[in-house]
Amino acid sequence: MTEQQIRFCKNADGVRIAYSTMGSGPPLVLVSGWVSHLEDDIAPDFFARDGIMALAQQFALIRYDKGGTGLSDRNLGHYTLDSRLADLEAVVSSLKLKKFSLLAISEGGPIAIAYAARHPKQVDRLVLWGTYARGPSLSKPEMREALLSVVRASWGVGSDMMTNLFMPGASVEEARTFALHQRRGATKEDAAALLEAVYESDVSDLLARVSCPTLVIHSRSDKAISYRHGLEVASGIPGARLVSLEGRGHLPEPEVMGDSFRQAADFILEGTRPPPPSGASAGKRPDAAQGLLTIMFTDLRDSTALTQRLGDARAQQELVHRHNEAVREALTAHGGREVKHTGDGIMASFGSGSGAIDAALDIQDTFGGDDAFQVRIGLNAGEPVAEDGDLFGATVQLAARVCSRAEPGEILVTNVVRELSMGKGFLFSEQMPAALKGFEEPVRLFAVHRGQ
């Protein structure tokens, strides 16, 4: 099973926000609904677990608990669209994400719409699932006040009522699990305040400003957020696609949700697939790993000697853990895909040469000034051979040789990587041509640094 790593950051108001990373691939930020809990959301008995885990097999999946929910700070009193937008902005900033896709569920929709409208250069693709633009139109005022009163008076009864609204026809066990999930995810005070924020949010004036490709998924039988709200969102965003679901309501059966998540993944991955080669058979999907890729190798400096100096195998494990964490965080931030471990390092691939260099620089920045912990990094670009999730060929071999040539703490790249990244603000200093094992001609290598 793909394991999640949970970290914390603070938003602009100083509220501590918990977020998790899972898997590898193009970065995808999931903005959850009303109440979430990073640990409970992937518990074996939670209805959305399989869909979440499937996404982590295709993406560097980032999830977070909004302020007032899950592992984030609780009892904040009042919540607004701007405060919840600040939560998302804090996670994006903490991970140094430059370009990513957003998948927003239910109440997360207005947050994602506002983010995409205000940060158009950062959002690659947007998927809005079972959501709305105008919170005040979700229900009549008297119904809204009745629901809020029940939640405030008895969170047990309130969570059961919300479960019936979200999941009509669910089994007794499924309903019990979801009601408990809500109560673990927020106190009754936070739940009521968050529900008020749902009804107050209005992003209808921002729909036309969303410029990225957008997919809207909505159930025709949704009683919590009716189908007309999905139609309003889809018709208001230029060029948006609409997919209609059949199912029991707002939160459908696990198999229906799983199918909709697959549609969402296919839509997002459309933006990362290279066009088919000229003359390719109609309808044949190219391998997502084919085409021009930048390959990165990392390697811990003399990790065996470091282990002897530090004492034992436990120290070695700590070094490797710190290295892996830094590399995976950089891959998540810059759209890299972890291919495999290489003993004391990691091999990864990128669709962008500049993205690979940004990731390498972030890794080195993580350990800058730590003489006891230094990493060599080598990059090369080309068209490797893809098979069973792995990459092979001269492109990969040369990247590995370049890594072994680098000094501790240094990033070396081949000339093709330099040329792919020209004009992106990096500084390159040419080294003496290197004779590398397995390659007849000396190879031009460049050390890379951040520009001023």
Side-chain angles (χ1 to χ4, degrees), residues 96 98-99 272 274 277 289-303 323 326-327 330-331 333-368 373-387 390-452:
K96 301 177 183 176
K98 293 186 176 180
K99 192 84 169 176
T272 67
Q290 290 178 347
L292 180 65
L293 294 175
T294 300
I295 306 299
M296 170 196 286
F297 277 87
T298 69
D299 183 59
L300 277 167
R301 180 198 71 166
D302 297 329
S303 58
H323 163 271
V327 172
L331 296 183
H334 300 288
R337 181 180 77 88
E338 182 177 335
V339 178
K340 61 185 176 184
H341 284 272
T342 58
D344 291 334
I346 283 177
M347 173 187 167
S349 66
F350 296 79
S352 160
S354 60
I357 292 178
D358 275 328
L361 289 166
D362 282 358
I363 294 166
Q364 298 297 22
D365 286 349
T366 300
F367 304 110
F373 194 104
Q374 293 182 313
V375 179
R376 313 170 195 267
I377 301 179
L379 302 175
N380 181 42
E383 297 187 352
V385 178
E387 184 176 328
D390 204 349
L391 299 172
F392 306 91
T395 297
V396 175
Q397 294 167 4
L398 182 53
R401 296 283 187 265
V402 172
C403 179
S404 65
R405 186 80 175 190
E407 295 294 327
E410 185 177 44
I411 303 166
L412 283 185
V413 305
T414 58
N415 187 48
V416 65
V417 176
R418 182 185 71 92
E419 291 179 341
L420 286 171
S421 306
M422 293 295 288
K424 300 296 178 65
F426 305 117
L427 297 179
F428 298 93
S429 55
E430 187 163 6
Q431 312 293 294
M432 290 291 292
L436 301 179
K437 183 179 179 181
F439 296 87
E440 294 181 2
E441 299 294 329
V443 178
R444 293 180 68 191
L445 297 178
F446 299 80
V448 64
H449 313 275
R450 289 195 190 278
Q452 298 300 317

Test Ile357 against Lys424 for side chain to side chain contact (heavy atoms under 4.5 Å, CB included), laying out the working first.
CA-CA 10 Å; Ile357 292 178; Lys424 300 296 178 65; over 6 Å; no
Side chain to side chain contact (heavy atoms under 4.5 Å, CB included) assessment of Val417 paired with Phe446:
CA-CA 9 Å; Val417 176; Phe446 299 80; over 6 Å; no
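Of the possible polar contacts, none joining the Arg444 side chain to the Glu430 backbone as a donor-acceptor pair under 3.5 Å is found. Looking at Glu410, its side chain never comes within 3.5 Å of a backbone N or O of Arg376 through a donor-acceptor pair. The backbone N or O of Thr395 lies less than 3.5 Å from a partner atom in the side chain of Asn380, making a donor-acceptor pair.
Of the inter-residue distances, the one linking Ile363 atom CD1 with Ile411 atom CD1 reads 8.0 Å to the nearest 0.5 angstrom. Residue Leu361 holds its CG atom at 8.5 Å from NE2 of His334, rounded to the nearest 0.5 Å. Taking CZ of Arg401 as the reference point, atom OG1 of Thr414 lies at 14.5 Å (rounded to 0.5 Å). Within the model, atoms CG of Leu412 and CZ of Arg405 stand 9.0 Å from one another, a figure rounded to the nearest 0.5 Å.
The existence of a salt bridge linking Asp365 and Arg450 is confirmed by a sub-4.0 Å separation between a basic side-chain nitrogen and an acidic carboxylate oxygen.
Nearest heavy atoms, Gly378 versus Val402: CA-CG1, 3.9 Å. Minimum interatomic distance between Gly355 and Ser352 (heavy atoms only, all atoms of both residues): N-OG, 3.0 Å. Residues Ala381 and Leu420 share a closest heavy-atom pair of CB-CD1, 3.6 Å. Across Ala447 and Gln431, no two heavy atoms sit closer than the pair CB-NE2, 3.6 Å.
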